[in-house]
K.L.:
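One structure coming up, written as structure tokens, with questions to follow.
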Amino acid sequence: MIRILHGDDEVKIHSALSVILSDATSRHVQIERVDAKRTNFPELESLLGTDQLFATERIVVIDGLLGLPKSKAKDELLDLVAGSTTEIVCVEKKIATIPQLKKFPKARVELFRLPALLFSWLEQLGSIPKERSLQDLQKVLSVSEDGLVFAMLIRQVRQLLLAISGGKLVGAPFMIQKLRSQAKHFSQERLLTLHEKLLQIDRQQKTSTSALSLSGAIALWVSEL
């Protein structure tokens with residue numbers, strides 16, 4: 001059986017994979033994990049093959065197979081996985097496309113997406129009144145874990161810093177344009193200060209030296225925008 005876990009919510013993907021691996025461990029199934037970028041056909045073929053004399057039940061987790069650049073080598077790996085009888089879990093930390101999934105018509109596909117509300121909130125930081133941003137933050141926290149919101153907030157500020165400083169941004173053209181437009185609401189100095197405050201929150205949370213919960217610290221950060 002082939003299972004494909006994909007999407008942009010890495011926390012939920014990790015959680016789903018943990019459940020799968022815990023179940024495998026309870027069944028005394030051998031677990032193998034492979035990074036698609038660092039393997040080749042002979043290595044994966046050997047891993048997926050079964051030695052009849054010393055056959056053991058196993059589950060093979062393959063990271064990033066579908067997202068590999070197009071190549072003959074990738075096609076060979078896909079054919080190998082598609083034709084295998086070994087239990088396989090493909091983990092993709094991006095949303096797989098229909099053409100990518102087409103190779104595995106019988107696979108169990110599970111999509112894990114970040115809430116649209118979270119992206120909307122991040123993209124409006126600095127461009128709407130703080131009071132509204134705080135109200136929207138509470139809605140975001142009602143559907144997303146505070147740790148995820150914090151991680152995405154740090155990522156957004158770092159991307160805005162790249163946008164305002166002329167750094168290289170990776171992504172779809174419309175996403176890059178959104179970042180550049182949003183960055184205009186800040187100065188580079190202001191973004192650096194905001195980023196430093198996020199790092200301070202991170203240190204305080206990790207060392208338990210803050211009187212605020214993480215969600216409270218995020219709210220305070222937003223109130224100081």
Side-chain angles (χ1 to χ4, degrees), residues 1-116 118-119 143-152 154-155 158-159 168-172 175 202 206:
M1 180 183 74
I2 299 175
R3 293 179 70 171
I4 299 175
L5 311 181
H6 71 116
D8 49 21
D9 194 332
E10 294 186 24
V11 174
K12 289 185 179 179
I13 289 175
H14 177 75
S15 179
L17 181 60
S18 295
V19 171
I20 294 171
L21 298 185
S22 293
D23 175 67
T25 300
S26 68
R27 293 186 286 117
H28 304 289
V29 174
Q30 181 179 341
I31 300 170
E32 302 283 356
R33 191 150 189 177
V34 180
D35 185 342
K37 293 180 180 178
R38 294 180 171 84
T39 193
N40 54 45
F41 187 91
E43 290 177 353
L44 190 57
E45 182 181 41
S46 176
L47 194 60
L48 296 179
T50 302
D51 188 320
Q52 296 299 325
L53 183 60
F54 301 104
T56 56
E57 188 177 359
R58 67 177 62 185
I59 180 171
V60 178
V61 180
I62 308 176
D63 292 290
L65 175 62
L66 276 62
L68 288 176
K70 291 183 179 180
S71 67
K72 181 180 178 181
K74 176 186 178 180
D75 290 340
E76 291 175 345
L77 291 177
L78 290 173
D79 288 339
L80 177 62
V81 170
S84 177
T85 57
T86 300
E87 186 175 357
I88 298 171
V89 180
C90 291
V91 179
E92 304 293 327
K93 294 181 180 179
K94 291 182 179 180
I95 298 174
T97 64
I98 293 177
Q100 287 174 333
L101 296 172
K102 192 175 181 180
K103 191 73 177 180
F104 308 99
K106 296 182 180 180
R108 176 177 172 182
V109 180
E110 300 171 60
L111 173 61
F112 301 91
R113 299 204 66 168
L114 289 169
L118 173 56
F119 284 110
V143 296
S144 301
E145 295 181 4
D146 55 6
L148 171 63
V149 174
F150 185 63
M152 293 297 289
I154 291 177
R155 177 176 177 271
R158 287 176 177 170
Q159 288 184 314
K168 183 179 180 180
L169 291 166
V170 178
M175 291 301 299
D202 188 43
K206 288 178 178 177

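These values consider heavy atoms only, across backbone and side chains, with no hydrogens, waters or symmetry-generated copies.
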K.L.:
For S84 and L80, indicate whether the former's side chain and the latter's backbone hold a donor-acceptor pair under 3.5 Å.
P.N.:
no
K.L.:
Please answer whether the main-chain N or O of I95 pairs with a side-chain N or O of H6 as donor and acceptor at a distance below 3.5 Å.
P.N.:
no
K.L.:
Can you tell me how far apart CG (D75) and CZ (F41) are? Round to the nearest 0.5 Å.
P.N.:
12.0 Å
K.L.:
To the nearest 0.5 Å, what is the distance between CG (L48) and OG1 (T86)?
P.N.:
5.0 Å
K.L.:
Any chance you could lay out the salt bridge (Lys or Arg N to Asp or Glu O under 4.0 Å) test for D63 and K37, step after step, and finish with the verdict?
P.N.:
CA-CA 8 Å; D63 292 290; K37 293 180 180 178; over 6 Å; no
K.L.:
For the pair E110 and R108, find out whether any cationic side-chain nitrogen is under 4.0 Å from an anionic carboxylate oxygen.
P.N.:
yes
K.L.:
So do the side chains of V61 and E32 get within less than 4.5 Å of each other, counting heavy atoms only?
P.N.:
no
K.L.:
Does T39 reach the main-chain N or O of D35 with its side chain, forming a donor-acceptor pair under 3.5 Å?
P.N.:
no
K.L.:
Assess whether side chain to side chain contact (heavy atoms under 4.5 Å, CB included) is satisfied between R3 and I20, documenting all intermediate values.
P.N.:
CA-CA 10 Å; R3 293 179 70 171; I20 294 171; 3.4 Å; yes
K.L.:
If you measure from the Lys or Arg side-chain nitrogens to the Asp or Glu carboxylate oxygens, is any gap between R27 and E87 under 4.0 Å?
P.N.:
yes
K.L.:
Distance check, rounded to the nearest 0.5 Å: I62 atom CD1 versus R33 atom CZ?
P.N.:
11.0 Å
K.L.:
Could you check whether any side-chain heavy atom of V109 comes within less than 4.5 Å of a side-chain heavy atom of F104, counting everything from C-beta outward?
P.N.:
no
K.L.:
Report yes or no: does Q30 contribute a side-chain atom to a donor-acceptor pair with the main-chain N or O of E57 at less than 3.5 Å?
P.N.:
no
K.L.:
Just verifying a value: how many Å separate I4 CD1 and L111 CG, rounded to the nearest 0.5 Å?
P.N.:
11.5 Å
K.L.:
For the NZ atom on K93, are there more than 12 heavy atoms of other groups (residues, nucleotides or ligands in this structure) within a distance under 6.0 Å?
P.N.:
no
K.L.:
Considering only heavy atoms from C-beta outward, does the side chain of T97 approach that of K102 to under 4.5 Å?
P.N.:
no
K.L.:
Rounded to the nearest 0.5 Å, what's the gap from CD1 on I2 to CD1 on I88? Could you check?
P.N.:
5.0 Å
K.L.:
Identify which one of L65, L5, L101 satisfies the side-chain contact (heavy atoms from CB on, under 4.5 Å) criterion when paired with E92.
P.N.:
L65
K.L.:
Side chains of D23 and L21, heavy atoms from C-beta outward: is any pair under 4.5 Å?
P.N.:
no
K.L.:
Could you give the distance from CG (L118) to CG (D9), rounded to the nearest 0.5 Å?
P.N.:
9.0 Å
K.L.:
Is the closest side-chain heavy-atom distance between V11 and F112 below 4.5 Å?
P.N.:
no
K.L.:
Check S144 against V149 and note the closest heavy-atom contact, atom names and distance.
P.N.:
CB-CG2, 3.8 Å
K.L.:
Hey, are the side chains of K103 and D79 touching, using non-hydrogen atoms and a 4.5 Å cut-off?
P.N.:
yes
K.L.:
Within the distance-only criterion (no hydrogens, no angle test), does the side chain of K74 pair as donor or acceptor with the backbone N or O of L68 below 3.5 angstrom?
P.N.:
yes
K.L.:
When you compare the side chain of M152 with that of F119, does any pair of heavy atoms fall below 4.5 Å?
P.N.:
yes
